[in-house]
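Below you will find the structure I want to go over with you.
In listed order, ligands and their atoms are each counted from 1. Quick caveat, the model's predicted, so the values are computed rather than measured.
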Amino acid sequence: MNVPTSRKSLRDLGEFGLIDRLVRSGCGDGEGVVLGVGDDCAVIDDGAEQRLLLTTDLMAEGVHFLSSADPVKLGDKLLAVNLSDVAAMGGEPRHAVVALAVPEALDVSFLDGVYRGLRRRAARHGVTIVGGDTTASRSGLVMSITLTGRVEPDRVMRRDGACAGDHILISGAIGDSAAGLSLRTSVLGKTRDAGLEQADVDYLLARHDTPEPRVYLGRALAVDGEVSAAIDLSDGLASDLRHICQRSGTGAVVHVDRLPLSSPLRRCAASIAADARVFATCGGEDYELCITAAPGAVARLKRRAEQVGMDLTDVGEIVDGSELRWQDHDGERFEPSGGWDHFSSSDSV
Ligand SMILES: [Mg+2]
């Protein structure tokens with residue numbers, strides 16, 4: 001391995017700094033590439049009637065999960081996070097390959113469980129697992145999926161089409177997954193004895209362990225071609241909305257009092273005197289969709305969402321400039337402390 005002349009670590013660069021560096025070193029626009037790096041999926045024109053979508057996601061023990069995790073739920077989530085990227089592009093998922101780096105001492109029944117979860121999730125979305133690769137790991141278990149999808153050329157939802165005046169809409173509720181993660185680690189664990197109902201705990205943990213990728217919603221929203229930009233909320237609204245703004249060359253105003261917060265999240269935050277809006281803006285792994293659309297299309301898109309059993313909440317507007325402004329109903333500024341960055345997080349499991 002060549003040692004880079006500037007000795008920077010992942011910790012120095014951060015996840016997005018590392019991605020920028022790797023992209024600059026040689027990711028090109030080859031033949032058939034409609035959209036390369038910088039969106040939820042690559043979009044390829046391979047000569048078929050529909051565009052090919054391509055995405056990959058990786059989960060590493062100690063970073064994304066603990067060895068004590070439920071393997072069936074892990075397998076489910078491993079595919080779900082990939083499905084979420086296809087959903088964000090308006091696509092229909094198709095085929096997956098699975099790569100595993102496995103500690104030699106790992107009980108293979110753990111992997112049997114992972115595959116049970118994988119198969120169950122794949123069956124729900126018509127995905128066929130068509131191969132993969134395995135190798136030994138000298139540290140923890142590492143699992144990766146590469147997933148394909150298909151989408152009509154005029155229905156591709158991408159990050160770079162937001163325009164000033166567009167509204168910002170979010171599906172479902174956000175912040176639950178971060179609260180579930182906090183319950184699993186130490187921050188909120190103590191509150192179980194402080195009045196938090198078991199049903200709330202179970203709900204928040206489930207939202208973290210088995211997120212529901214919004215594949216049907218993504219398809220429904222893409223139908224009319226009225227979504228100007230879209231992203232799935234994997235790293236947290238503060239981080240993911242910034243991706244839309246950066247790619248679109250815009251700013252945004254978010255009204256934090258309008259953020260869709262579930263009742264369990266509100267009760268959970270109240271039980272530790274925390275601000276639920278912090279979970280909703282800074283917490284990752286909700287896998288809801290964030291879209292933008294012209295004001296005249298909002299009602300139609302909300303109806304489309306209702307047809308697949310989902311709510312869309314209008315949380316703000318795209319504006320000129322590059323600033324993301326977060327404010328409450330009095331116009332007071334709210335400062336999210338940023339999104340999820342896997343290389344600088346200390347408690348990302
Ligand atoms: Mg994504």
Residue pair Leu147, Asp85: steps toward the side-chain contact (heavy atoms from CB on, under 4.5 Å) verdict: CA-CA 9 Å; Leu147 177 67; Asp85 281 327; over 6 Å; no
Of the N, O or S atoms in Asp232, the one nearest the Mg ion (ligand 1):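 Atom name of the closest N, O or S in Asp232: OD1.
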Atom name in Asp40, limited to N/O/S, at shortest distance from the Mg ion (ligand 1):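 Minimum-distance N/O/S atom of Asp40 relative to the Mg ion (ligand 1) is OD1.
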Lys/Arg-Asp/Glu bridge criterion (N-O < 4.0 Å) met for Asp224, Arg300: no
Pair Glu323 + Arg333, salt bridge at N-O below 4.0 Å: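 Here Glu323 pairs with Arg333 in a salt bridge, since their nearest N and O are under 4.0 Å apart.
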Closest Asp85 atom to the Mg ion (ligand 1) [N, O or S only]: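 It is OD1 of Asp85.
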Arg159 and Asp40 ion-paired at < 4.0 Å: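 A salt bridge is present here (some side-chain N lies under 4.0 Å from a carboxylate O).
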